[in-house]
Amino acid sequence: MSFADRTDERLIDDNSPRALWGNLVRRLRSGDLGMIPVVVGLIVIWIVFYAMNSRFLSSRNLVQLSLDSATIGMISVGIVLVLLLGEIDLSVGSVSGLSGAVLAVLLVYLGWPLPAAILAALCTGLVIGMLYGVLCTRFGVPSFVITLAGLLAFLGLQLLTLGKNGTVNLPGESALIAFANFTFLPPWASYALAVAIGAVYFLARLRTIRRRAAANLSAPSVRSAVIRAVVLIAAVALVAWYLNLDRGIGAMPLLWVGVIIGMDFLLRRTTWGRHVYAVGGNAEAARRAGINVNRVYISVFALCSTFAALGGVLAAARLQSVSQTSGGTDTNLMAIAAAVIGGTSLFGGRGSVYSALFGMLVLQSITSGLNLIGVDAFVRYMVTGGVLVLAVTIDSLSRQARKSSGSG
């Protein structure tokens, strides 16, 4: 009997080296790699670029990297949800550009209040996503075809909305621009946030421990939960301290991470989230189990386009304007690639919303590092494409490994 098998027979403290190693071995053998490849890849990327240019890991560059990641990273959150169903949305770039155009026109030309303009932009994405869901579920049109058509149609609608000028500059005194570019947590608030995160984590673990104990199931010790909470507080506080050497933790990246944490809770802790994974794993089996598959599809597509709209609003605020090229160029590429590189399976039913975080950090780190060492743009596209192919290959191999272990 192997060491990995022996660790299954009895409870070992969560933080013991034997338990951690045994868990890692089991995951590698079963093909369930999770976030391991992307985290290792991110560390390697940071080490390589730091060796080539020490400014890469400076607090100023990391703050800038977080700001640059948040806009497309927000769009990528929606892509993760769609991929969990085994579907795709190719129009998120056009939807983000259209939503940004709606915001700018309502705010600048029609004089709408900022909250109303933002709400209208988000509703634009919501309606588009619901339309996708209905076309996919009621008429059986493949998501690839629907969203490819949407990519073209909503790009045209964006050009129509912006009018002949083609560019709309947002008011410089807008609170939205200040939020996206100039709002940062004060140092004391960032450290208080670290403590709050650790406390919430500990309470959640403690609740899990008590529920498992009440059900006479094996559970980790309270001591392990305390250790993990303390380590988490220390890690977040260290990150906050380093970023505070420059401007600190930006409000926009904080919103992005907050959305990711909230969506992760919905996916893992709610009935809706479990239904999403079930439908992505096997839609027909989920339907026979009594799950309303059509409702799941419509809700996921609606959320995806809403997150695309939110990303468009944040991008408009970040750039302080909306133009005919907003949402274009490599927005689709980066949003979809971030989700896949972060570990979300293209085959559906497996992945985490944290893929949007780590995948986007990988892509933005590549962009930032190559810019610092003065590499041309074509190299960035080639490197990004190579990383994407590698991520898909790892996903395919791990899927085959799971099938082999299941059949054995």
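Values in this document were obtained by computation on a predicted structure and should not be read as measured data.
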* Asked: Are Val293 and Thr137 close enough, and set up right, to give a side-chain contact (heavy atoms from CB on, under 4.5 Å), and what steps lead you there?
  -> CA-CA 9 Å; Val293 174; Thr137 57; over 6 Å; no

Without placing hydrogens or testing angles, list every side-chain donor-acceptor pair under 3.5 Å for residues 77-91, not counting sequence neighbours.
| from | atom 1 | to | atom 2 | distance (Å) |
| --- | --- | --- | --- | --- |
| Glu87 | OE1 | Ser143 | OG | 2.6 |
| Glu87 | OE2 | Tyr297 | OH | 3.1 |
| Asp89 | OD1 | Ser91 | N | 2.9 |
| Asp89 | OD1 | Ser91 | OG | 2.8 |
| Ser91 | OG | Tyr132 | OH | 2.7 |

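- Nearest heavy-atom pair, Ser76 versus Ala335, reported as atom, atom and distance to 0.1 Å: OG-O, 3.0 Å.
- For the pair Thr367 (side chain) and Leu363 (backbone), a donor-acceptor distance under 3.5 Å is present.
- Salt bridge absent: Asp264 and Arg269 never bring a charged side-chain N and a carboxylate O closer than 4.0 Å.
- Counting only distance, with no hydrogens or angles, the side chain of Thr344 and the backbone of Val340 share no donor-acceptor pair below 3.5 Å.
- The main-chain N or O of Ser218 is found under 3.5 Å from a side-chain atom of Arg212 such that the two form a donor-acceptor pair.
- Across all their heavy atoms, Ser326 and Gln158 have their closest contact at O-NE2, 3.1 Å.
- Put simply, the side chain of Thr124 gets close to the backbone of Ala120: a donor and an acceptor are under 3.5 Å apart.
- Between Pro113 and Leu107 the shortest heavy-atom distance is C-CD1, 4.3 Å.
- Closest non-hydrogen pair, Ser352 versus Tyr277, comes out as CA-OH, 4.2 Å.
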* side-chain contact (heavy atoms from CB on, under 4.5 Å) evaluation trace for Arg318 with Asp68 -> CA-CA 9 Å; Arg318 181 87 173 113; Asp68 293 340; 3.1 Å; yes

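- With Thr208 contributing its side chain and Ala204 its backbone, the two residues share a donor-acceptor pair below 3.5 Å.
- Residues Phe49 and Ser365 form no side-chain contact, since every pair of their non-hydrogen atoms from C-beta on lies 4.5 Å or further apart.
- At distances below 3.5 Å, at least one donor-acceptor pair connects side-chain atoms of Thr331 with backbone N or O atoms of Gly328.
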Please list, one pair per line, the donor and acceptor atoms closer than 3.5 Å that link side chains of residues 186-200 to other protein atoms, with sequence neighbours excluded.
| from | atom 1 | to | atom 2 | distance (Å) |
| --- | --- | --- | --- | --- |
| Ser190 | OG | Pro187 | O | 2.6 |
| Ser190 | OG | Asn244 | ND2 | 3.0 |

* From CA spacing to verdict: side chain to side chain donor-acceptor pair (under 3.5 Å), Asn61, Ser368 -> CA-CA 8 Å; Asn61 191 61; Ser368 176; 3.2 Å; yes

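- Put simply, the side chain of Arg247 reaches to within 4.5 Å of the side chain of Leu67, judged on heavy atoms.
- Put simply, the side chain of Phe202 does not reach to within 4.5 Å of the side chain of Ile233, judged on heavy atoms.
- Atom CG of residue Leu62 and atom CG of residue Leu245 lie 10.5 Å apart, to the nearest 0.5 angstrom.
- Of the inter-residue distances, the one linking Leu255 atom CG with Ile260 atom CD1 reads 10.0 Å to the nearest 0.5 angstrom.
- One distance of note links CG of Leu243 with CH2 of Trp241; it measures 10.5 Å at 0.5 Å rounding.
- Proximity of Leu310 to Thr306: side-chain heavy atoms (C-beta onward) are nowhere separated by under 4.5 Å.
- At least one side-chain heavy atom of Gln320 sits less than 4.5 Å from a side-chain heavy atom of Asn181.
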* Between Tyr201 and Arg228, does a side-chain contact (heavy atoms from CB on, under 4.5 Å) hold up when you go through it step by step? -> CA-CA 9 Å; Tyr201 174 82; Arg228 289 190 176 200; 3.3 Å; yes

* To do: Could you give me the CA-CA distance, side-chain angles and deciding distance for Trp272 and Ser299, then say whether side chain to side chain donor-acceptor pair (under 3.5 Å) is met?
  => CA-CA 9 Å; Trp272 173 81; Ser299 65; 2.9 Å; yes

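- You'll find the side chain of Leu203 stays beyond 4.5 Å of the side chain of Arg207, heavy atoms only.
- Rounded to the nearest 0.5 Å, atoms CG (Leu57) and CG (Leu65) are 9.5 Å apart.
- Scanning all heavy atoms of the two residues, the minimum distance from Gly97 to Val322 falls at O-CG1, 4.3 Å.
- Between the side chain of Asn332 and the backbone N or O of Gly93, at least one donor-acceptor pair lies under 3.5 Å.
- Rounded to the nearest 0.5 angstrom, Leu176 CG and Leu314 CG are separated by 7.0 Å.
- Side-chain N/O atoms of Thr167 and Ser323 include no donor and acceptor closer than 3.5 Å.
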* Step by step, work out the side-chain contact (heavy atoms from CB on, under 4.5 Å) result for Leu131 and Val127. => CA-CA 6 Å; Leu131 175 63; Val127 171; 5.5 Å; no

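- Looking at heavy atoms from C-beta onward, Val222 lies out of side-chain contact with Arg205 at the 4.5 angstrom threshold.
- Put simply, the side chain of Ser96 never gets that close to the backbone of Gly311: no donor and acceptor are under 3.5 Å apart.
- The aromatic rings of Trp46 and Phe56 sit perpendicular, their planes meeting at an angle over 60°, well past the 30° parallel limit.
- Shown here for Gly125 and Val95, the closest heavy-atom pair between the two residues is CA-CG1, 4.2 Å.
- Within the 4.5 Å cutoff, the side chain of Val108 has no heavy atoms near those of the Asn169 side chain.
- Taking a 6.0 Å sphere around CZ of Arg295, one finds it holds 12 or fewer heavy atoms contributed by other residues, nucleotides or ligands.
- Within the 3.5 Å criterion, the main-chain N or O of Ser221 finds a donor-acceptor partner in the side chain of Ser224.
- Distance check: Leu206 CG to Arg210 CZ gives 4.0 Å after rounding to the nearest 0.5 Å.
- Applying the side chain to side chain contact (heavy atoms under 4.5 Å, CB included) test between Ile47 and each of Ile43, Val44, Ile45 identifies Ile43 as the sole match.
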